[in-house]
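Input: a single structure, listed below in structure tokens.
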Number of protein chains: 2
Amino acid sequence: MKQKITLKHIAKELNVSISTVSKALKNSEEISRDTKEKIQAFARLYNYKPNNIAISLKNKRTKNIGVVIPDIVHHFFTTVIRGIEQYANQKEYNVIVCLSDESFDKEVINMEMLANGSIDGFIMSLSSGTQRKNDYEHLQQVVEQGIPLVLFDRVTDQIACDKVVIDDQMGAYKAVKRLLSSGRKRVGLITTEDYLSVSYKRNLGYEKALAEFGVEYQDELVLKLPSMEVDEQRIADFLKNARPDAVLSVNEIFGITAMRLIRDQGRKVPNDISVIGFTDGLLSQYANPSLSAIRQHGEEMGREAAKMLIEKVEGLTDSESFVTKILEPTLIERDSTIN
Amino acid sequence: MKQKITLKHIAKELNVSISTVSKALKNSEEISRDTKEKIQAFARLYNYKPNNIAISLKNKRTKNIGVVIPDIVHHFFTTVIRGIEQYANQKEYNVIVCLSDESFDKEVINMEMLANGSIDGFIMSLSSGTQRKNDYEHLQQVVEQGIPLVLFDRVTDQIACDKVVIDDQMGAYKAVKRLLSSGRKRVGLITTEDYLSVSYKRNLGYEKALAEFGVEYQDELVLKLPSMEVDEQRIADFLKNARPDAVLSVNEIFGITAMRLIRDQGRKVPNDISVIGFTDGLLSQYANPSLSAIRQHGEEMGREAAKMLIEKVEGLTDSESFVTKILEPTLIERDSTIN
DNA sequence: TTGTAGGCGTTATCAA
DNA sequence: TTGATAACGCCTACAA
């Protein structure tokens, strides 16, 4: 077993001092050509690579980014991670992924672990537990310690930090406007309760579009589920009782489920009911009929978050001033809507 | 901004030595009750937490696991990560995720970065680039350096290390047997070329089941695509020309796509053609009709891999002997197959 | 041109 | 009971 070699080994082997080796490997002018060549050759031969941990300790910089997300088995978060990785890798950062599992406690524990030197900064999206509890003390701590933080998608304005979001209100607005423009009269909304920041904003967009078209808001056309769990019974009842002729769903699973239940109830998508869903993941693309969707641009969001974070980490950006980058959602028209 | 506090700060503040502080915080018997209480109170007040990096350097143990996978926007890998996280978190390990993007070069670069002290061990699934190139030098290096390695799903027998796989051959066998038992005569296979270890084994299972039922293997009933990209045209041609009455697909996207094309060609699933797909992700569940699938037990695979790795890392397991854990795939019956 | 020494934050050994 | 010292691996200011 070839043990990893250190400066010390090389120094002893070649009868020079550690600092000479260090300098030689950095091609320092101070060291004679002969010595450098000898040392570099030896290092190459034994495949010397500096120890990241030692360098981190010395530099107080780990080149690691901590990413804390609620769930990884979720297309949107997964695309965000991909975006983060893209940018981070190119800047030679590694990504440590932690899952909060939608739980406040896990979010806190994970962040505390990482905050003790393991990472240079955080990129995160709040767990539903945290948003429900409305307690951001752990984020505040991190910020006060001077650890850069970028929040994405599920954010809070109670913390001053950089943020990247899509304009959720605009997304919902676009969708509902599109539905009303195509002649739909009873546009339903399947969403979650308001504590989730994104749901709240999407609900606003829904209302705004209705208002703009002079359509009165009707409670019975809005189904607010307590969580992101699919509750088929409630969705089925909603469809039957409220009799919408169009539905906007706050995520694609609700949308797909609604489409199936609509068919079960003997109505047709898109002829009888149009459906649009947030998120635009694989399900929307491959559904039958394919689901028109609000695309959230996860990869771009991830790249943007990583960029903002790394700029803060490397001090390229004023550490006291924060920006919120708002990406514009796109409406992707597929087969679940009529013109 | 509250800077992170160190032993040194505490020592200076309380006029004791660093080592006294260190011991006091570990509740050492050596230190007097008074001193301990004073120091502990102070530490609590200033929320002292030891620096992970310093501890890593000292202990030569990072409590980080490196996970290298081909792609993260992929339900199966994502469930594996979740399984890894579950086990790792509970053992207080963090997970560093790197994406090889199906590229040999990226895989090598990522591993080299992490191997320089950032992690205690690797869990990985080979990129298609690596399997195509059939070059495992980088894995060999890691192993020779004494870094524990666990391979999952896409593995190679050219490297001696722990492995976790599902029995891919068995999975395909089960599926094809099921199709033949229900009276199907022309069972097609949509797969990728053999360089992908899992495809190869699934192809074997397909052949085995045919043989067992005395059905002759026919080239025209097997479509081997060059990569995991969906090539609709080739799939459509295949369906039209080979006229299978059942299809097994090596992943769910091929399966879903086939179902749609079948319908476009005026045939019905499952009445005219049964379809079974590997992977069992969201698409299979929510497809219409829902897709019968071979479940790969990603989460369990992840937990198992993490367990094996951490046991090696912590020396609970002989570092010279390796096991391959084979999980049994499950056939999930849904609406795309008849009885 | 090369080497010494100190420090990053922690722990462990040994001395006081 | 407390403290000094060395060590983990690396870097760098300064001395030789």
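Residues A:Ser19 and A:Glu29 both approach DNA chain C. Their nearest nucleotides, taken by heavy-atom distance, put A:Glu29 toward the 5′ side. Projected onto DNA chain C by closest heavy-atom contact, A:Thr20 and B:Pro50 fall at different nucleotides, the more 5' of which corresponds to A:Thr20.
B:Leu57 comes within contact range of at least one nucleobase, with a heavy-atom separation under 4.0 Å. Within 4.0 Å of B:Ile55, counting heavy atoms only, lie sugar-phosphate atoms of the nucleic acid but no base atom.
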Worksheet item: Which is it for A:Lys60 and B:Ile53 under the side chain to side chain contact (heavy atoms under 4.5 Å, CB included) test, yes or no, and what are the steps along the way?
Response: CA-CA 9 Å; A:Lys60 298 171 151 225; B:Ile53 297 292; over 6 Å; no
Discussion item. Could you go through B:Ser197 and B:Gln131, starting from their C-alpha distance and side-chain angles, then the distance that decides it, and tell me whether this counts as side chain to side chain donor-acceptor pair (under 3.5 Å)?
Written reply: CA-CA 7 Å; B:Ser197 56; B:Gln131 293 205 315; 3.0 Å; yes
Fill in: Residue pair A:Asp71, B:Arg82: steps toward the salt bridge (charged side-chain N to carboxylate O under 4.0 Å, His left out) verdict
CA-CA 8 Å; A:Asp71 182 11; B:Arg82 190 198 256 169; 3.3 Å; yes
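With hydrogens and angles disregarded, no donor-acceptor distance shorter than 3.5 Å links the side chain of B:Asp120 to the backbone of B:Ile65. Of the possible donor and acceptor atoms, none in the side chain of A:Glu107 sits under 3.5 Å from a partner among the backbone N and O of A:Val68. Without hydrogens or angle criteria, A:Lys325 side chain to A:Met301 main chain gives no donor-acceptor distance under 3.5 Å.
When DNA chain C is scanned 5' to 3' for any atom under 4.0 Å from a heavy atom of chain A, the first and last hits are C:dT1 to C:dG9. Chain A approaches DNA chain D over the interval D:dC8 to D:dC14, counting the first and last nucleotide 5' to 3' with an atom under 4.0 Å from its heavy atoms.
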For residues 90-99 of chain B, run the donor-acceptor check on the side chains, cut-off 3.5 Å, and write out each pair with its distance to 0.1 Å, sequence neighbours left out.
residue: B:Tyr93; atom: OH; partner: B:Arg61; partner atom: NH2; Å: 3.0
residue: B:Tyr93; atom: OH; partner: B:Glu314; partner atom: OE2; Å: 2.9

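Classification of B:Arg154 and B:Glu102 as a salt-bridged pair holds, one side-chain N sitting under 4.0 Å from a carboxylate O.
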